[in-house]
Structure formats: C-alpha cells, structure tokens
Amino acid sequence: MRHLMSPLDLSVEELDQLLDLAGDIEKNPQKYAHACDGMKLATCFYEPSTRTRLSFEAAMLNLGGSVLGFASADSSSAAKGESVSDTIRIISCYADICAMRHPKEGAPMVASEYSHINAGDGGHQHPTQTLTDLLTIRSLKGKLDNMTIGLCGDLKFGRTVHSLINALIRYPGIRFVLISPEELKIPDYIREDVLVKNNIPFEEVTRLDDAMPKLDILYMTRVQKERFFNEE
C-alpha cells in the first residue's frame with residue numbers, strides 16, 4: 001500500500017485517473033457499493049475535525065467497509081503520553097488503513113512507517129482535501145490547466161492552500177493571485193521553493209476587490225486561529 005503524504009506522491013497522470021474514478025463513483029455509486037467489503041478504516045484525529053473526518057467515514061461506509069477510531073487526542077492513549085508511533089503501530093493491527101490528522105508537522109511521516117493517509121499535517125499539507133478541491137475545480141471548469149486561481153485568507157497556516165498549490169503547479173498555464181493581509185502571507189518555503197523555483201506566475205495583494213476581475217477560481221480559507229495565536 002502506498003502512503004499519501006503530499007499531492008506530489010501522485011503523478012499528474014495518477015491524479016487524473018483518480019479524478020476520473022471519483023467522477024464515476026459519483027455517477028454510479030451502486031457499482032462501487034462493495035468495493036471495500038471486509039476492510040476497516042481507522043480514523044485517528046488528534047485535533048478537531050468535522051468535514052474531513054466524517055467524509056472519510058462516509059466514503060468508507062459507502063464503499064462497503066467499516067470504520068473505527070477516535071475523534072480527539074483526549075479520547076486516545078495520547079492523553080496518557082503514548083507516542084504517535086506506538087498508537088499507529090497498534091491501530092494498524094486492527095485496521096487495513098489509517099486516516100490521520102495531527103496538529104504537529106511531521107507526525108504523519110512518523111506514522112507512515114506503519115500505516116497512514118494524511119488528513120491534515122499541522123499547517124503543512126492536506127493532500128486528501130486537495131484531491132477533493134481538484135475534483136471540484138475540474139467539475140466546474142472542465143479542466144485543471146490555463147486558469148488564474150485566487151487563494152484568499154490565511155495563506156500562512158492554511159494547509160489546504162499549500163497542498164493545492166503543490167498540485168496545481170504541474171498543470172500548464174496556471175497562475176496564482178495570493179490575497180491576504182501581511183501577517184498571513186504565504187510562507188517563504190512555498191513562495192520561493194515552490195512558486196519561484198518552478199517559474200509559476202503569481203502576484204500578492206491585500207484586497208480581494210483588486211483581484212476579483214482577474215480570477216477564474218476563488219478559493220477561500222478561514223483564519224487558522226489554533227495555529228496563528230499559538231505561534232512562537
């Protein structure tokens with residue numbers, strides 16, 4: 001089984017194949033109703049989640065599988081000091097696949113030695129959300145290339161933004177308008193190591209009104225208060 005830690009774990013061809021498959025599942029749910037018969041998904045959520053956790057669980061149930069897990073660190077042995085590696089090692093004995101969200105960057109990498117797909121890695125990556133975002137954009141626009149994408153809100157800690165940028169830069173003709181206040185601008189490692197390094201056209205603005213006429217897609221993200229106000 002392959003791990004999904006970053007959108008870059010999948011080639012563009014694999015992304016397109018997955019999106020085609022997702023579209024077919026959406027149109028023909030009964031065709032896949034038993035695809036995961038006998039399989040178990042463990043959802044290991046060390047921080048709060050509503051949509052991501054329930055979407056994983058609903059997807060597994062819709063495919064005929066079953067779900068177990070925990071919805072907060074307080075309801076797991078992490079509250080007693082158990083390490084991530086020990087928790088995932090044990091849970092991987094009970095389940096075929098683990099979907100994990102953790103507030104600390106790097107925790108999914110530790111977990112990947114045992115069993116893992118990434119449902120949120122601190123302020124770093126959220127590749128499974130990116131798959132959903134790509135499917136939504138392609139459904140609306142019929143393509144994933146030759147567009148200007150506006151990313152607005154908390155671009156500093158918004159892991160969905162970071163993952164989406166990494167995925168979209170591999171499609172031709174993609175341009176970004178980054179819309180945020182100064183204190184929530186995209187981090188340097190995304191700006192320099194991803195956008196500048198790959199010669200991706202982008203501009204940074206502070207006012208949404210200035211960007212709207214240029215955009216094909218506007219992607220909004222909330223302020224990540226749980227990370228922003230705890231920054232050291």
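Along the sequence shown, the residues carry numbers beginning at 1.
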Visitor: Do the non-hydrogen side-chain atoms of Phe176 and Ile186 ever get within less than 4.5 Å of each other?
Guide: no
Visitor: Where do Ala22 and Leu135 come nearest, in terms of heavy atoms and distance?
Guide: CB-CD2, 3.8 Å
Visitor: Taking Asp86 for the side chain and Glu82 for the main chain, is one N or O donor matched with an acceptor at less than 3.5 Å?
Guide: no
Visitor: Would Thr148 and Arg175 count as having a side-chain donor-acceptor pair, cut-off 3.5 Å?
Guide: yes
Visitor: For the pair Leu41 and Ser66, evaluate side chain to side chain contact (heavy atoms under 4.5 Å, CB included) and give the outcome as yes or no after the intermediate values.
Guide: CA-CA 6 Å; Leu41 165 71; Ser66 55; over 6 Å; no
Visitor: Check the pair His126 / His162 against side chain to side chain contact (heavy atoms under 4.5 Å, CB included), numbers first and verdict last.
Guide: CA-CA 8 Å; His126 198 333; His162 304 166; over 6 Å; no
Visitor: Please report the C-alpha distance between Leu155 and Leu184 in whole Å, then the side-chain angles of each, then the deciding distance to 0.1 Å, and finally whether the side chain to side chain contact (heavy atoms under 4.5 Å, CB included) criterion is met.
Guide: CA-CA 6 Å; Leu155 308 188; Leu184 295 177; 5.8 Å; no
Visitor: Rounded to the nearest 0.5 Å, what's the gap from OG on Ser11 to CD on Gln17? Could you check?
Guide: 7.0 Å
Visitor: Short question: side chain of Lys143, backbone of Asn146 - any donor-acceptor pair under 3.5 Å?
Guide: yes
Visitor: Decide whether Asp74 and Tyr46 meet the rule of one side-chain donor and one side-chain acceptor closer than 3.5 Å.
Guide: no
Visitor: In terms of heavy-atom contacts, does CD of Glu26 have more than 12 from other residues, nucleotides or ligands at under 6.0 Å?
Guide: no
Visitor: How about Asp210 and Val177: do any of their side-chain heavy atoms sit closer than 4.5 Å?
Guide: no
Visitor: Can you tell me how far the NZ atom of Lys141 sits from the OG1 atom of Thr136, to the nearest 0.5 Å?
Guide: 13.0 Å
Visitor: Rounded to the nearest 0.5 Å, how far apart are CG of Asp37 and CG of Leu63?
Guide: 9.5 Å
Visitor: Measuring only between side-chain heavy atoms, which start at C-beta, is Thr43 closer than 4.5 Å to Phe70?
Guide: no
Visitor: With no hydrogens and no angle check, is any side-chain donor or acceptor of His102 less than 3.5 Å from a backbone partner on Val84?
Guide: no
Visitor: Are the side chains of Leu218 and Cys152 in contact, using a 4.5 Å heavy-atom criterion?
Guide: yes
Visitor: Taking atom CD1 of Ile174 and atom CD1 of Ile169, what is their separation to the nearest 0.5 Å?
Guide: 10.5 Å
Visitor: On a heavy-atom basis, which atom in Ala167 and which in Pro7 lie closest, and how many Å separate them?
Guide: CB-CB, 3.8 Å
Visitor: Any side-chain heavy-atom pair from Leu151 and Leu164 closer than 4.5 angstrom?
Guide: yes
Visitor: What's the verdict on side chain to side chain contact (heavy atoms under 4.5 Å, CB included) for Ile137 and Met147, showing C-alpha distance, side-chain angles and the deciding distance?
Guide: CA-CA 10 Å; Ile137 294 171; Met147 286 187 290; 3.7 Å; yes
Visitor: Within the structure provided, determine whether Arg51 and Gln129 are in side-chain contact (heavy-atom separation under 4.5 Å).
Guide: no
Visitor: Decide if atom CE of Met212 counts as having more than 12 heavy atoms of other residues, nucleotides or ligands within a radius under 6.0 Å.
Guide: no
Visitor: Quick one: do Leu10 and Val12 end up in the same hydrophobic cluster if we chain Ile, Leu, Val, Met, Phe, Trp and Tyr together by side-chain heavy atoms under 4.5 Å apart?
Guide: yes
Visitor: Give the C-alpha distance, both sets of side-chain angles, the deciding distance and a yes or no for salt bridge (charged side-chain N to carboxylate O under 4.0 Å, His left out) between Arg138 and Asp133.
Guide: CA-CA 9 Å; Arg138 196 174 75 161; Asp133 293 335; over 6 Å; no
Visitor: If hydrophobic clusters are built by linking Ile, Leu, Val, Met, Phe, Trp and Tyr wherever their side-chain heavy atoms come under 4.5 Å apart, do Leu19 and Ile165 end up in the same one?
Guide: yes
Visitor: Would you confirm whether Asn198, through its side chain, and Ile200, through its main-chain N or O, come within 3.5 Å as a donor-acceptor pair?
Guide: no
Visitor: Taking Ser163 for the side chain and Thr160 for the main chain, is one N or O donor matched with an acceptor at less than 3.5 Å?
Guide: no
Visitor: Less than 4.5 Å apart, any side-chain heavy atom of Pro29 and any of Asn62?
Guide: no
Visitor: Taking all non-hydrogen atoms of both residues, which atom of Leu215 and which atom of Ala211 are closest, and how far apart?
Guide: CG-O, 3.3 Å
Visitor: Might you point out which heavy atoms bring Asn166 and Ile190 nearest each other, and give the distance in Å?
Guide: ND2-CD1, 4.2 Å
Visitor: Does Pro48 reach the side chain of Arg101, with side-chain heavy atoms less than 4.5 Å apart?
Guide: no
Visitor: Closer than 4.0 angstrom, basic N to acidic O: yes or no for Arg170 and Glu14?
Guide: no
Visitor: Specify the closest pair of heavy atoms between Ile91 and Cys44, including all atoms of both residues, with the distance to one decimal.
Guide: CD1-SG, 3.5 Å
Visitor: If you group Ile, Leu, Val, Met, Phe, Trp and Tyr by side-chain heavy-atom gaps below 4.5 Å, do Leu21 and Ile97 land in one group?
Guide: no
Visitor: Between Thr52 (side chain) and Ser49 (backbone), is there a donor-acceptor pair under 3.5 Å?
Guide: no
Visitor: State plainly whether one hydrophobic cluster holds both Leu168 and Val196, where clusters connect Ile, Leu, Val, Met, Phe, Trp and Tyr through side-chain heavy atoms under 4.5 angstrom apart.
Guide: yes
Visitor: Looking at CD1 of Ile179 and OG1 of Thr221, how far apart are the two atoms once the value is rounded to the nearest 0.5 Å?
Guide: 12.0 Å
Visitor: Give a yes or no on whether the backbone of Lys40 and the side-chain of Asp96 come within a donor-acceptor separation of less than 3.5 Å.
Guide: yes
Visitor: Would you mind checking if Asp24 and Lys31 are paired as a salt bridge, meaning a charged N to carboxylate O distance below 4.0 Å?
Guide: yes
Visitor: Flag the pair Asp154 and Lys185 as a salt bridge only when some basic side-chain nitrogen lies within less than 4.0 angstrom of an acidic carboxylate oxygen.
Guide: no
Visitor: May I ask whether Val205 and Ile149 are part of the same hydrophobic cluster, defined by side-chain heavy atoms of I, L, V, M, F, W, Y residues being less than 4.5 angstrom apart, directly or through others?
Guide: no
Visitor: Is it the case that the side chains of Glu182 and Thr206 hold a donor-acceptor pair, with the cut-off being a distance below 3.5 Å and no angle test?
Guide: no
Visitor: In terms of side-chain geometry, is the basic nitrogen of Asp188 or Arg191 positioned less than 4.0 Å from the acidic oxygen of its partner?
Guide: yes
Visitor: Once you round to the nearest 0.5 Å, how far does OH of Tyr189 lie from CG of Leu195?
Guide: 11.5 Å
